[in-house]
Amino acid sequence: MPCVALTFDDGPGAHTSRLLDILADHDVKATFYTVGRQIEQRPGVIRKMAAAGHQIGNHSYDHPQLTAVSADAARRQIATTDALLRAQGVTPSTVRPPYGSYNTSVLQVLGSLGHGAVNWNVDPRDWQDKDTPTVVQRVTSAARPGAILLMHDVHSTSVDAVPQIITTLKARGYHFVTVDQITGGVAPGSAVHSGMHP
Ligand code: NI
């Protein structure tokens, strides 16, 4: 059965709770790369996310380019957000580095904290073109078995695109899974951009 993984970055935001309701209506599990300062604003949304069985990962504390800060600063960015998630009862799984930027030094830091990096291979640029039909068209036309789809739940136009993305891809036989499921798990200190188990 062909699989894709929906991933949502930069939240939890004002539209995330509504997105969780949409995903529940469609019985779809997704992966959320959450930002520490957003978790502080909306810890209840993290608990709702976890209770629904979604995978929750780490997208740093306040979204710097990790390749542009010191290794110590990068470590604090990730460790702080891990602690914020653990405080909500969540065991964070994998890191999405802000802007997808990593190098060997960043991977070393992630590895030392028990994390691998997860990027994507389908990017509808939903943060740039805040237009629901455009986002739907770009995601559904680019989806392939094993795809990791990048979206941003901080934009209502992106959340509005999710029902049609799900129904279109399900009609093509796709199954929606988490990043851990589509990759089979990411070894600490390594990086992936797509699923190995399409
Ligand atoms: Ni981001």
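Atoms within each ligand, like the ligands themselves, are counted from 1 in listed order. Positions are given from 1, in the same order as the sequence printed here.
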| Within less than 2.8 Å of the Ni ion (ligand 1), any N, O or S from Asp9? | no

| What are the two closest heavy atoms between Pro92 and His115, and how far apart are they? | O-CE1, 3.6 Å

| Cut-off 3.5 Å, side chains only: do Asp180 and Ser93 have a donor facing an acceptor? | yes

| request: Angle at the Ni ion (ligand 1): provide the value between NE2 of His59 and NE2 of His63, rounding to 10 degrees. | output: 90°

| said: Among His15, His155, Arg18, exactly one meets side-chain hydrogen bond (donor to acceptor under 3.5 Å, both in side chains) together with Asp160. Which residue is that? | reply: Arg18

| Restricting to N, O or S atoms of Asp10, which is nearest to the Ni ion (ligand 1)? | OD1

| said: Parallel, tilted or perpendicular: which one describes the rings of Tyr102 and His193, with boundaries at 30° and 60°? | reply: tilted

